[in-house]
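Presented below is the structure to which this report refers.
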Amino acid sequence: MRGRDSEPWHKARLALTHQRFFIGGMSYESPCIAVCVISHETGLCRGCGRTRQEISDWATLTPEERATIMTTLVQRMTNAGMKVSPALVRWLEVCC
């Protein structure tokens, strides 16, 4: 019989429970603000400004690759005419 710790939902819950949160509910290692909707017009997430590919690759990127992407988020969202979350702006001011 498998224990509770081997269930996928439990591992996900543990990961969220032990994730280091920083500003506005965002993790230090991710710009996600839990507004996960991809704009059909821009191809960017309306919450964080990442592309689908960046979101799907995020766990395998190096910290340097993540930092490079994060420093472009506000500008790319602004250029695309998207509203930039104040939480994202605050996080990037402190983090990057």
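Once rounded to the nearest 0.5 Å, the distance linking CD1 of I55 with SG of C32 reads 7.5 Å. The structure places CE of M82 at 4.0 Å from OG1 of T42, a figure rounded to the nearest 0.5 Å. Note: S85 OG to L73 CG = 11.5 Å, rounded to the nearest 0.5 Å. Note that the SG atom of C48 and the CZ atom of R76 stand 8.5 Å from one another [nearest 0.5 Å]. With rounding to the nearest 0.5 angstrom, the CE atom of M70 is 10.0 Å from the CG atom of L88. In this structure, CZ in R50 is found 11.0 Å from CG in L44, a value given to the nearest 0.5 Å.
At a threshold of 4.5 Å between side-chain heavy atoms, the hydrophobic network of Ile, Leu, Val, Met, Phe, Trp and Tyr places I69 and V84 in one connected group.
Considering all non-hydrogen atoms of both residues, K83 and M77 come closest at O-CE, 3.4 Å.
Checked by atom type and distance alone, the side chain of R66 pairs as donor or acceptor with a backbone atom of W58 at under 3.5 Å.
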| task | For side-chain hydrogen bond (donor to acceptor under 3.5 Å, both in side chains), just list the numbers for Q53 and T51, CA-CA rounded to whole Å, side-chain angles, deciding distance to a tenth of an Å, and then say yes or no. | result | CA-CA 5 Å; Q53 191 65 51; T51 65; over 6 Å; no
